[in-house]
Structure formats: C-alpha cells, structure tokens
Amino acid sequence: MSTTTPVSSRPRERRLAPRDRLVVATMIIIPLVLVLWLVWLPALASVYLSFTRWNGFQIGTIEWVGLQNYRDITTIYPPFWPAIRHNLIWLVFLFFIPTLFGMFLAVILDREMRGSRFYQTAFYLPVVLSLALIGFIWQLFYSRDQGLLNQVLGTQIDWYGDPNINLWSVLFATAWRHTGYIMLIYLAGLKGVDVSLREAAAVDGASEVKTFFTIIFPVMRPINLIVIVIVVIESLRAFDLVWIINKGRNGLEIIAALVSQNVIGEATRYGFGSALAVIMMIISSVFITLYLRAVFSEERQP
Amino acid sequence: MTKSLPPQSLPASLAATSGPTRRNILRAAGLGGLVLGSSSLLAACGGSDTATGGATTGGGGGGGSVKFGVNEARGSGPAFTRLEAMANTYAEETGTEVSLNAVDHNTFQESINTYLQGTPDDVFTWFAGFRMAQFAENGLLADLSDVWPIEGLGDAFREASTAPDGNQYFVPVSYYPWAVFYRKSVFADNGWTVPESYDDFTALMSDMQGAGITPFAFAAKDAWAPMGTFDILNMRLNGFDFHMALTRGEEAWDSPQVKTVFETWRDLLPFHQEDPLGRTWQEAATAMGNGECGMYLLGSFVVDGVDPEVASDLDFFTFPELDAAIGSDALDAPIDGFCVAAGGQDVDAGKAMAAWLGTAAAADAANSAAEAPFIAANDGASTDSYSELQKKSVEVVQQAGSIAQFLDRDTNADLANTVIAPAIGEFLQNPDDIDTILTSIADQARSILG
C-alpha cells in the first residue's frame with residue numbers, strides 16, 4: 001500500500017500540528033470509548049449473562065449454568081417459537097403492505113395535486129402520536145364490547161383477545177403509523193430527484209409508470225436502502241404497541257416483549273432474558289450484515 | 001425463598017456488609033451513570049415538590065428531611081391525594097421536610113429494580129407478600145423490626161410485614177378485599193338472594209342464564225385480573241394452606257389438586273363472559289353495572305369502574321364454599337403500604353416516617369383529604385368517611401379466617417410474571433388443554449426455582 005501512496009501525502013501527514021493531532025485523537029477516542037462502553041460492553045455482558053442464572057441483585061450470585069437458558073427457551077418456554085413466527089410475519093407484512101403503500105402514496109402526493117399538503121399531514125399525523133396513545137386510540141376501535149368496529153359491523157369479534165386475530169389487528173394499527181413514516185421519507189427522496197431526468201424521460205415519450213420504474217426508482221437507490229433498513233429495524237424492535245396492549249402474551253408474543261417480560265418490573269430472570277436478547281441480536285446481525293455488504297459494495301463501485 | 005439473611009440489627013449496614021451489590025460494582029466500573037441516570041429518570045417522571053411544616057421548624061424539635069416515593073402520578077386521583085395529604089401532615093406535625101417523588105403507577109412498578117439499586121427515596125409505597133420479601137432478602141429494604149409493634153396494627157398485619165428471615169420490612173396502610181360484587185337492585189328485581197351454599201350458587205347462575213343475564217363478568221386483558229378467580233377456587237377447593245404452599249413453590253403446579261382447580265374453572269367458564277382476553281376490567285365492570293352480567297369477582301376497586309349511581313347500588317358477598325370440609329373463610333385481601341429503602345440517603349429519617357405512616361393519624365389525614373377513602377389497616381383509624389361497601393369490607397376481612405395477598409403478590413415474581421400469567425391466558429383460550437398447560441408450568445417452575 002505505502003509504495004502506491006502518492007509521495008505528497010506523507011509530508012502532509014507530518015505537517016499535522018500537535019494541536020490538530022490532539023483534536024483528531026480526541027475525536028476518535030471519545031466516540032470509540034462511547035461505542036465500546038455503551039454498545040460492545042453491554043452486548044458482551046449480555047452474551048455472558050445468557051449463560052448464567054442471575055436475579056440482578058448481587059454480583060456474587062451470578063451462577064454459571066452453561067446452555068441451560070437456551071435449552072429452556074427452545075424446549076419448555078412456550079412463547080418462544082410463536083414469537084419468532086410473529087416477528088417474521090411482522091417483517092413480511094410491514095414490507096409488503098405499509099411500505100409499498102407508503103411509497104405509492106409518496107409518488108401520488110409528489111404530483112402536486114390539489115390538497116396534497118392536507119393529505120401529507122393526514123397520513124403523517126399518526127407518526128407524531130406516541131405509541132402509547134396509538135394503543136389507546138385503537139383500543140377504542142377494537143374493544144369487543146364497546147368498540148367502534150364491532151358497533152359498526154354488528155359483530156362480536158374479540159379483536160385484541162382472540163389469538164388468531166389480534167396479531168393482524170396490531171399489524172393494522174402499526175401499518176396505519178408506518179405508512180405515513182415511509183411516505184414522508186420517500187417523498188423527501190422524490191423531491192431530491194433531478195428534474196431534468198423526468199424531463200428527459202418525458203421528451204423521450206416514456207409513460208409515467210415506465211419513468212418511475214426505469215429511471216426514478218433506480219436513482220432512489222440510497223433511499224430504497226434506508227427504507228429497507230427501517231422496515232427491518234422496525235419489525236425487529238416491534239414492541240411498544242404490543243407491550244401496551246397486553247405485554248406480549250396471548251397471540252402477541254414477540255421477541256422484544258419476551259426479553260422485557262423477563263427483566264423489566266419485578267421479574268428478575270436476567271440470564272434467561274439475556275439469552276433471548278442474544279437470539280434477537282443474532283437474528284438482527286444477519287440483516288445488518290446483508291445491509292453493510294450492500295452499502296460497501298456500492299461504495300466500492302466508481 | 002429458602003435462603004435467608006442473618007438477623008441484622010443495623011439495617012443501614014446491610015447493603016454495605018452483604019457483599020458487593022450490583023450498584024457498587026457498576027459504580028466501580030464507571031457505569032454508575034447509567035444506573036443513576038435511569039433512576040433519576042424515574043424521579044424526573046413525576047417531578048418533585050417539597051412540603052415543610054412551618055410551625056415547628058424553628059423550635060429545634062424535628063427538622064431534617066425525608067424523600068418519599070409514591071406510585072401514583074400527581075393528580076391521578078384520590079390515591080395520589082391521600083398520599084400527598086399524609087406527606088403534608090407528617091411535614092406539619094414533625095417539621096420534617098418531605099420531598100414527594102410522584103411516579104405513574106405502572107412506571108413505578110416496572111422500574112422498581114433499578115430504582116431500589118440506584119438512588120431510591122427514603123420511604124416508598126409498596127406491597128406486602130413475596131413482592132416485599134424478594135427485596136428484603138436481597139438487602140434492598142431496611143429492617144423495620146424496631147419500628148414494630150405499631151399501635152393499632154394487629155398480628156395479621158405484622159405477619160404480612162414479615163420477610164422469611166423473621167424481621168419486618170413493611171408498614172401496612174390499607175387493604176382491599178376480593179369478593180363477588182353485584183347490584184342490589186338487579187338481585188331484588190329478579191328475586192335473587194345471596195347464595196349460602198354451592199347448590200344455591202349453581203342454582204343462581206342457572207337462573208341468571210335463564211333470565212338472559214351472564215352470571216359472571218370476566219376480563220383477562222390484564223394478566224393479573226383472572227388470577228383472582230384462580231386464587232379463590234384454589235382456596236375453596238384445596239384450602240388456604242395448600243394455596244400458600246403452592247405460591248411458595250412447595251407444592252407442584254401439575255399436582256392433582258391444581259388440576260382440580262382448573263377443571264372446576266373450566267366447568268365454570270360457560271357462566272362467565274365470553275372472550276375475556278381482550279376485555280379490560282373496567283369494561284367488565286361496566287357490563288355488570290349495566291345489568292348484562294349479574295356478578296363480578298374483583299377487588300373492591302371495582303367501584304372505580306362503574307358510574308357513581310351504580311356504585312351506591314353495589315353490594316358483595318364472599319365466594320361460597322365448594323367443599324364443606326374446607327369452608328369459605330379464606331380470601332384475597334392485598335395490603336398496600338410502605339418500605340424503607342436500604343440504599344436511601346437517610347434510613348433513620350425513612351424509618352421515622354414509616355413508623356408514623358402506620359399510625360391511625362396518618363390514615364385519618366389521608367382519608368379526610370380525599371373524596372374516596374381507603375380502608376385503613378390501622379384499627380384505630382376513623383371509619384366515618386367509609387362507604388357502606390367499605391364498612392362491610394372491614395367486617396368481612398376481620399371475620400376471615402385466613403388472608404392471602406394475591407397470586408402475583410405471593411408467588412415468586414419470575415414465575416408469576418413470565419410463566420403463570422401467560423399460562424392462564426393459554427388456559428382461557430384452550431380450556432381443554434389443562435394437562436399440557438400444567439406440565440409446562442411445572443417444567444418451567446423447576447427450572448426457575450431450581
């Protein structure tokens with residue numbers, strides 16, 4: 001490497017004043033310490049704790065139990081496999097329904113039609129609401145006895161309680177929020193697309209649909225990647241709404257809620273909860289690896 | 001639960017002498033900021049204010065300050081008003097500066113571990129039962145045995161305040177019984193009477209069904225709500241001693257006795273409201289209030305879920321006996337009260353305040369300030385402000401032979417929250433899978449309780 005480096009770069013490095021060097025060192029060391037301390041240390045501690053039994057009170061009571069937590073999780077812990085399934089359903093659903101719909105809305109609203117500001121606000125409004133509030137709002141719709149939905153439909157469906165239905169009820173409520181989020185991100189991306197590209201396509205006689213798929217969409221690659229990452233992250237950390245509804249039981253088991261059940265509140269299964277968190281971390285890192293590979297391979301291209 | 005601490009006469013030293021706590025280790029590792037950060041977050045949730053007694057501060061008597069953590073958000077209703085009134089009265093009477101840290105009820109409960117291991121307030125609101133014992137065993141609560149006995153609090157309350165090591169760590173302030181609530185007018189209109197025996201009870205339920213009324217309102221959206229039904233069936237079918245042994249982990253969840261409880265429950269389910277898992281207890285209370293359902297087994301806080309005119313029409317009876325050999329003198333009556341944090345700034349100030357909070361004066365201060373009184377644990381407290389229901393509650397609890405706290409207050413928290421709660425939900429979905437469900441609870445209990 002050093003032989004191919006341009007000659008001029010060496011003297012330039014040397015010319016860094018001690019003061020500048022100090023600044024550079026500080027700028028590297030502080031984030032590094034923060035990352036090690038806030039990301040790697042807790043992550044490694046979780047991995048360690050996942051092989052132990054600990055009630056979280058006294059360091060001395062940590063007891064090494066080997067793989068027992070993992071064995072228990074996969075054999076005698078009934079919520080685990082449903083949770084994995086629900087997280088995957090969550091990911092697939094979030095990707096195919098609200099994400100694509102949000103992109104569709106963004107493309108439509110980008111047309112500067114009449115009242116597009118109003119629609120933007122209307123679709124984006126749920127994103128501003130806290131998930132606690134969203135949980136409450138949807139309880140008003142979904143309540144079996146007093147809810148709007150059953151009143152209007154004249155049914156007695158237990159939207160939040162029936163384990164065959166409640167996941168879809170929650171996914172719908174999530175989609176309501178997620179659509180607006182994706183729409184806004186995509187809309188911002190669309191505004192950034194060079195107008196001359198569209199004009200050139202129009203001059204060449206390409207249809208709207210063809211222009212979007214062959215020109216606009218490929219140009220939006222960075223935004224598309226961000227959207228994919230957001231969808232994956234959102235579906236893995238899906239938690240708030242489920243936690244508000246019933247703390248992730250009874251048809252709404254998801255991994256993040258199970259981790260919390262075991263370590264938040266009075267339950268103190270730190271080892272067991274850590275093992276669940278490690279499983280979640282492994283699943284996430286698969287997606288993170290895929291994403292990083294995509295990003296780096298893009299950067300390498302000229 | 002089997003492990004116990006040696007008796008400690010100096011509770012303040014408990015945390016320091018019982019080996020390194022997580023708090024100390026983390027602080028040493030430079031991670032203290034995180035723990036402190038999360039507990040000050042808890043403090044920030046409520047916002048503090050300070051009450052000081054003006055009259056007595058100058059005299060030299062009293063003085064000092066104490067931090068009081070309460071599990072009700074500011075302005076959240078009578079529960080907060082009562083706690084605030086107690087804090088103010090204590091400040092006035094003793095000249096102590098009381099800083100109130102008010103935190104939302106659920107947030108308080110979910111953060112309790114971090115709270116106690118971070119920078120807890122000196123005195124804080126908490127519950128009797130395993131919930132208290134678990135923190136006492138781990139050295140997070142100050143030993144209050146020198147505060148006891150407290151005048152007006154009898155042996156039953158002293159027992160409920162005692163951890164397995166034989167010391168007291170808790171001061172009770174109020175309690176509420178679980179019973180079968182109904183509307184007097186609905187019973188009168190239909191010519192129904194309170195059932196005295198199991199036969200009466202089944203006849204009443206069939207009668208209600210015949211009249212197009214669901215006998216029992218039932219909700220299970222909150223995991224704790226259906227536990228009340230389990231408790232009462234277990235206490236009626238297997239007796240109080242078995243129930244307590246089960247909660248302590250000395251009896252197995254896949255035993256024939258527990259199976260009987262679930263089988264009885266399964267047979268009773270057709271008399272309950274359908275689809276309980278999506279229903280909040282407030283919605284179930286409304287269903288009883290508007291006459292769709294005849295009865296509701298719940299804590300006496302059921303009055304908060306119905307309209308005021310319905311509330312004055314409510315009455316209750318204790319769940320009838322299911323087995324003549326066992327009778328019907330046991331019931332759930334969870335006790336709320338106060339603990340002193342071992343990690344608080346001033347344990348002595350905390351103990352002084354806790355001792356006062358147990359008195360009749362404290363209960364009276366609370367009840368005269370709030371529009372809805374609690375049922376005071378102290379038998380010297382005034383009952384003038386009590387509603388008819390509360391007066392009756394006092395009688396019922398005093399006559400009860402045995403009192404349990406509640407399934408999730410008596411049982412190991414890990415087992416109750418992560419195993420039993422979802423298992424009861426599973427049972428309510430699939431009432432015929434009792435064997436599978438109980439085997440699963442027992443397997444997990446073995447792994448958790450070791």
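Naming convention: chains lettered A, B, ... in sequence-line order (proteins, then strands); numbering from 1 in each chain.
In this structure, A:A267 and B:T418 approach most closely via the heavy-atom pair CB-CG2, 4.1 Å.
For the atom pair CD (B:E274) and CG (A:D145), the distance works out to 10.5 Å, reported to the nearest 0.5 Å. Rounding to the nearest 0.5 Å gives a distance of 8.5 Å between CD1 of A:I264 and OG1 of B:T114. A distance of 4.0 Å separates CD in A:Q139 from NZ in B:K221, rounded to the nearest 0.5 Å. Remark: A:I76 CD1 to B:I448 CD1 distance equals 8.0 Å, nearest 0.5 Å. In this structure, B:N412 CG and A:R269 CZ are separated by 9.0 Å, a value rounded to the nearest 0.5 Å.
Under the 3.5 Å distance criterion, the side-chain polar atoms of A:Q156 are left unmatched by any main-chain donor or acceptor of B:D275. Judged purely by atom type and a 3.5 angstrom limit, A:R249 has no side-chain atom pairing as donor or acceptor with the backbone of B:A423. B:D414 contributes a side-chain N or O that, together with a main-chain N or O of A:T268, makes up a donor-acceptor pair within less than 3.5 Å.
With a 4.5 angstrom heavy-atom cutoff, B:A416 does not touch chain A via any of its atoms. When heavy atoms are compared at a cutoff of 4.5 Å, A:Y77 approaches chain B by way of both its backbone and its side chain. Heavy atoms closer than 4.5 Å to chain A are found nowhere in B:E292, neither backbone nor side chain. Within the 4.5 angstrom heavy-atom criterion, atoms from both the backbone and the side chain of A:N262 approach chain B. Only the backbone of B:D222 comes within less than 4.5 Å of a heavy atom in chain A; its side chain stays farther off. Proximity to chain B is absent for every atom of A:P79, based on heavy atoms less than 4.5 angstrom apart. A:L258 does not touch chain B: none of its heavy atoms, backbone or side chain, sits under 4.5 Å away.
For CZ of A:F80, the number of neighbouring non-hydrogen atoms (other residues, nucleotides, ligands) closer than 6.0 Å is greater than 12. For A:F93, the CZ atom counts as densely surrounded, since its 6.0 Å shell holds more than 12 non-hydrogen atoms of other residues, nucleotides or ligands.
Of all the listed residues (B:Q273, B:E426, B:E283), the one sharing the greatest number of non-hydrogen pairs under 4.5 Å with chain A is B:E283. Contact count against chain A (heavy-atom pairs under 4.5 Å) is highest for B:A223 among B:A421, B:A223, B:P422, B:A220.
Proximity to chain A at a heavy-atom threshold of 4.5 Å picks out B:Q429, B:S440, B:D443, B:Q444, B:S447 from residues 428-447 of chain B, in numerical order.
Residues A:F57 and B:Q134 have side chains in contact (heavy-atom distance under 4.5 Å, counting atoms from C-beta outward).
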